[in-house]
Amino acid sequence: GNISFYDNEITLLVPTLEDPLGAQIVRNNGITVLEVGEEINTFYLPRWAGVDSETGKPMWYDEDGNETFDVAEASLETLSGKSPIADFDGGFNLYASYKGFDLGADVYFKVGHYIMNYMESNMLSDGTGIDANQRVDAFNYWRNPGDTDVLPNPIYGNEAQQSSDRWLQQGDYLRLRNLTFGYNLPSSFAEQIKFKSLRVYLQGQNLFTYAPYFNGEPEVGIGSGETSNDVFGAYNLYSYPHIQSLSLGVDLKF
């Protein structure tokens with residue numbers, strides 16, 4: 001097994017025209033920031049306050065911590081401790097054999113990082129994506145006064161879809177990347193059919209992923225959406241998924 005720990009802090013920034021004091025630089029993606037005293041590329045977003053149960057309007061928090069219906073009044077905040085950089089990652093491998101049978105496994109984990117889930121934003125588009133594919137739970141929107149645990153009223157879709165920590169999710173995951181189960185036929189049998197050895201095996205890739213806090217593919221890759229991102233891993237947006245596969249094989253030695 002192996003594990004790696006990561007820790008970083010910005011201690012100094014060069015002053016710029018936008019920030020003469022050199023205290024904060026908002027990155028080009030508009031959702032992360034470089035700020036003295038914080039982890040590099042910490043998320044910088046308005047805080048989501050939910051949906052008003054009486055009107056279905058989306059709400060955010062202003063700089064005083066009060067709820068507001070106006071996204072322009074929402075306070076952009078540095079979300080300390082929340083960045084695309086994991087606290088630690090690692091993996092462990094297993095190999096075991098017994099009486100001709102063998103079992104091998106490769107597991108990887110990553111913990112302590114955050115991802116803007118734009119895929120979920122698109123799939124729950126609050127009425128802005130009615131001409132595109134949507135998740136079934138996109139129908140769970142506000143309809144009547146008193147509705148709770150619902151999406152905003154679709155008539156406010158353009159406002160509700162603004163970037164905020166509504167779409168920020170912890171990206172922790174554990175993935176079984178490879179699992180192989182094999183059997184070596186007895187040498188006496190292999191020799192009868194003119195082989196030194198004969199092994200059959202079943203191999204599976206990406207069979208299991210545990211991501212308790214993230215809805216979707218937590219292992220953000222390079223795809224059509226992410227390639228233009230100046231902070232790798234800050235968000236997911238239609239990157240190619242990791243393929244799940246099963247294969248049956250035979251190893252022959254002459």
Side-chain angles (χ1 to χ4, degrees), residues 2-50 58-68 70-91 108-122 159-174 211-223 225-237 239:
N2 66 86
I3 188 170
S4 299
F5 294 90
Y6 306 95
D7 190 21
N8 71 89
E9 180 184 334
I10 295 175
T11 59
L12 179 67
L13 290 175
V14 177
T16 65
L17 291 176
E18 292 80 11
D19 183 14
L21 299 179
Q24 184 186 77
I25 300 174
V26 179
R27 298 303 296 266
N28 291 335
N29 58 29
I31 60 173
T32 62
V33 69
L34 303 177
E35 185 171 319
V36 172
E38 298 291 344
E39 192 175 22
I40 189 172
N41 297 322
T42 294
F43 281 100
Y44 182 67
L45 296 161
R47 290 187 299 129
W48 175 250
M59 299 185 296
W60 298 266
Y61 290 106
D62 63 20
E63 60 182 8
D64 297 321
N66 299 316
E67 296 174 351
T68 176
D70 187 352
V71 66
E73 296 178 357
S75 174
L76 282 164
E77 295 188 19
T78 300
L79 304 180
S80 296
K82 296 182 179 181
S83 84
I85 301 174
D87 294 332
F88 60 90
D89 71 344
Y108 176 78
F109 58 84
K110 190 174 182 180
V111 176
H113 62 298
Y114 286 78
I115 306 168
M116 276 291 283
N117 196 342
Y118 284 138
M119 284 286 290
E120 180 162 82
S121 172
N122 287 353
E159 296 180 26
Q161 282 290 300
Q162 298 294 320
S163 292
S164 70
D165 66 351
R166 175 188 179 187
W167 310 113
L168 188 65
Q169 297 175 359
Q170 194 167 342
D172 298 2
Y173 70 93
L174 179 146
Y213 312 111
F214 192 79
N215 295 324
E217 170 57 75
E219 194 168 358
V220 177
I222 299 177
E226 289 90 343
T227 49
S228 61
N229 182 15
D230 64 341
V231 179
F232 180 79
Y235 59 82
N236 71 332
L237 186 63
S239 60

One should read off an interatomic distance between N236 CG and Y118 OH, to the nearest 0.5 angstrom, of 10.0 Å
dist L76:CG -> L45:CG (nearest 0.5 Å) comes out at 7.5 Å
Shortest non-hydrogen pair, G171 vs P218, comes out as O-CB, 3.9 Å
Give the intermediate values and the outcome of side chain to side chain contact (heavy atoms under 4.5 Å, CB included) for residues L13 and V36. CA-CA 7 Å; L13 290 175; V36 172; 4.1 Å; yes
Between the CG atom in D89 and the CZ atom in F109, the distance rounded to the nearest 0.5 Å is 7.0 Å
Working for side chain to side chain contact (heavy atoms under 4.5 Å, CB included), residues L34 and N41: CA-CA 5 Å; L34 303 177; N41 297 322; 3.5 Å; yes
Of all heavy-atom pairs linking W48 and M59, the shortest is CE3-O, 3.4 Å
With a 4.5 Å limit on heavy-atom distance, are the side chains of V231 and I31 in contact? no
Of all heavy-atom pairs linking P212 and D172, the shortest is CD-O, 3.9 Å
NZ of K110 to OG of S4, rounded to nearest 0.5 Å, is 11.5 Å
Looking only at heavy atoms, the pair that brings S75 and E63 closest together is CB-N, 3.3 Å
| request: Taking the side chain as every heavy atom from C-beta outward, state whether W167 and Q161 have any pair of such atoms under 4.5 Å apart. | output: yes
State, yes or no, whether a side-chain contact exists between Q169 and Y114 at a heavy-atom distance under 4.5 Å. no
For this session: Please indicate whether Y213 has more than 12 foreign heavy atoms, meaning atoms of other residues, nucleotides or ligands, lying under 6.0 Å from its OH.
Result: no
When rounded to the nearest 0.5 Å, the distance separating CG of N215 from CE of M119 is 11.5 Å
Residues Q24 and V33: closest non-hydrogen pair is CG-CG2, 3.2 Å
| request: Using the six-membered ring wherever Trp is involved, compare the ring planes of Y173 and H113 and label them parallel, tilted or perpendicular (cut-offs 30° and 60°). | output: perpendicular
Backbone N or O of A72 within a donor-acceptor pair of the D70 side chain at under 3.5 Å? yes
Heavy-atom side-chain proximity of D165 to F43 below 4.5 angstrom: no
Self-check item: Donor-acceptor pair, side chain of N8 and main chain of I40, under 3.5 angstrom
Solution: yes
Exercise for the section: Take Y44 and T32, measure what side chain to side chain contact (heavy atoms under 4.5 Å, CB included) needs, and give me the verdict at the end. Expected result: CA-CA 5 Å; Y44 182 67; T32 62; 5.8 Å; no
d(N117 CG, N122 CG) to nearest 0.5 Å is 9.5 Å
For W60 and P46, the nearest pair of non-hydrogen atoms, with its separation, is CD1-CB, 4.4 Å
Atom pairs and distances, donor-acceptor, side-chain atoms in residues 78-85, under 3.5 Å, two or more places apart:
{"from": "T78", "atom 1": "OG1", "to": "E35", "atom 2": "OE1", "distance (Å)": "2.6"}
{"from": "S80", "atom 1": "OG", "to": "E38", "atom 2": "OE1", "distance (Å)": "3.1"}
{"from": "S80", "atom 1": "OG", "to": "E38", "atom 2": "OE2", "distance (Å)": "2.8"}
{"from": "S83", "atom 1": "OG", "to": "E39", "atom 2": "OE1", "distance (Å)": "3.1"}
{"from": "S83", "atom 1": "OG", "to": "I85", "atom 2": "N", "distance (Å)": "3.1"}

